[in-house]
Amino acid sequence: MRLSQEQIEFFHTEGWLFLPELFNPEETAYLAREAEGIYAADRPEVWREKSGAPRTAFAAHLYNDAFAALAAHPRMIEPIEQLFGEGVYMHQFKINAKSAFTGDVWQWHQDYGTWKRDDGMPEPRAMNIAIFLDEVMPINGPLMLVPQSQHAGDLEASHDLQTTSYPLWTLDEATVTRLVKQGGIVAPTGKPGGMLMFHGNLVHGSAGNITPYPRKIVYLTLNAVSNYIRTPTRPGYIAHRDFAPIKAVEDDALLRLARAHREAAE
Ligand code: SIN
Ligand code: MN
């Protein structure tokens with residue numbers, strides 16, 4: 001799958017690009033079911049909110065077949081290789097729950113801030129991908145982006161260890177206000193299967209979810225192979241150390257697994 005010139009230009013100007021319904025309902029229903037099983041497990045890779053509800057599950061692509069197929073899916077890998085002009089590897093893989101009623105806030109931040117400070121990533125040549133597993137609505141804590149904020153570069157941030165259960169390098173209110181005055185805020189919404197790509201320096205965050213509608217999104221980070229991390233401090237299941245380029249699977253690999261899984265259950 002290749003991006004059009006128009007899509008590439010939009011990404012370079014705005015810092016994000018949304019491809020609605022890139023994955024079909026059979027594929028996403030299968031992934032959503034598998035995610036629930038992962039959240040129910042007692043594993044160190046599954047991090048919980050202060051309330052105990054699941055917040056994020058790291059590295060599921062390393063132990064779950066469905067997420068392994070997603071992590072090497074050509075509909076996701078090929079556009080990113082096209083943009084970077086080289087092979088990519090998985091820097092981080094997480095399934096964020098934003099659970100019904102209890103899903104907590106993600107403060108305003110840039111991801112490259114963490115990759116640089118905590119992982120020693122040389123450049124923001126890694127792409128953030130969000131793949132919707134539930135319907136993302138204006139009311140259930142959609143991801144909010146500040147368009148064009150990636151042009152501001154790597155901003156000063158402070159390490160917030162208090163607000164949520166997840167330590168994060170966050171931006172101050174004056175900085176966010178200044179950038180929002182310039183670029184506004186967008187919150188892409190839509191059915192399961194939508195894929196959002198955004199620049200490592202794009203400012204983003206999300207509010208809590210007080211609705212009965214969960215908002216599961218897979219967030220993964222594809223790093224250009226030449227931009228591999230130099231001085232990681234976080235565990236390997238958070239910042240991966242396998243820098244080999246991903247070899248994409250067949251386009252129907254995930255669908256075939258979903259069907260085999262359904263037949264086995266019948
Ligand atoms: C993130 O920024 O890494 C996650 C944001 C979210 O799940 O809303
Ligand atoms: Mn982030």
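When a ligand or atom number is given, it counts from 1 through the structure's own listing order. Throughout, numbering of the chain's residues begins at 1 and tracks the sequence.
Annotation: Trp169 is not in aromatic contact with His109 [ring centroid separation under 6.0 Å not met].
A salt bridge does not link Asp134 with Arg215: every distance from a Lys NZ or Arg NE/NH1/NH2 to an Asp or Glu carboxylate oxygen is 4.0 Å or more. Salt bridge annotation for Glu45-Arg43: present, with a cationic side-chain nitrogen under 4.0 angstrom from a carboxylate oxygen. Between Lys191 and Glu135 no salt bridge is recorded (no basic side-chain N to carboxylate O distance below 4.0 Å).
The N, O or S atom of Asp111 with the smallest distance to the Mn ion (ligand 2) is OD1. Looking at His204 and the Mn ion (ligand 2) together, the shortest N, O or S contact belongs to NE2.
Every atom of ligand 1 is numbered from 1 in the order shown, and the set under 4.0 Å from a heavy atom of Ser206 is 6 (C), 8 (O). Atoms of ligand 1 lying under 4.0 Å from any heavy atom of His204, numbered from 1 in the order shown and given with element: 2 (O). Taking every non-hydrogen atom of Leu143 and a distance limit under 4.0 Å, the qualifying atoms of ligand 1 come out as 5 (C), 8 (O). Under a 4.0 Å criterion applied to the non-hydrogen atoms of Arg215, ligand 1 contributes the atoms 6 (C), 7 (O), 8 (O). Residue contact check: Lys94 has heavy atoms under 4.0 Å from atoms 3 (O) of ligand 1. Remark: ligand 1 atoms within the under-4.0 Å shell around heavy atoms of Tyr219 are 4 (C), 5 (C), 6 (C), 7 (O), 8 (O).
Here the heavy atom of the protein found nearest to atom 4 (C) of ligand 1 is Asn96 ND2, 3.2 Å.
A cation-pi geometry, defined here as NZ or CZ lying under 6.0 Å from the six-membered ring centre and within 45° of its normal, holds between Arg230 and Tyr228.
Residue Asp111 has no nitrogen or oxygen atom sitting less than 3.5 Å from a nitrogen or oxygen atom of ligand 1, judged on distance alone. Not one N or O of Lys98 is nearer than 3.5 Å to an N or O of ligand 1, by distance alone.
Under a 4.0 Å heavy-atom criterion, Ile217 is not in contact with ligand 1.
Across Ala239 and Ile229, no two heavy atoms sit closer than the pair CB-CD1, 4.1 Å.
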Verdict with supporting geometry, Ile131 and Leu70, side-chain contact (heavy atoms from CB on, under 4.5 Å): CA-CA 10 Å; Ile131 297 170; Leu70 181 70; 3.9 Å; yes
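Under the 30°/60° scheme for interplanar angles, the aromatic rings of His91 and Tyr89 are found to stand perpendicular.
Contact annotation for Gln92 and ligand 1: no heavy atom of the residue comes within less than 4.0 Å of the ligand.
The side-chain contact (heavy atoms from CB on, under 4.5 Å) test with Val218 is passed by exactly one of Phe93, Phe23, Phe132: Phe93.
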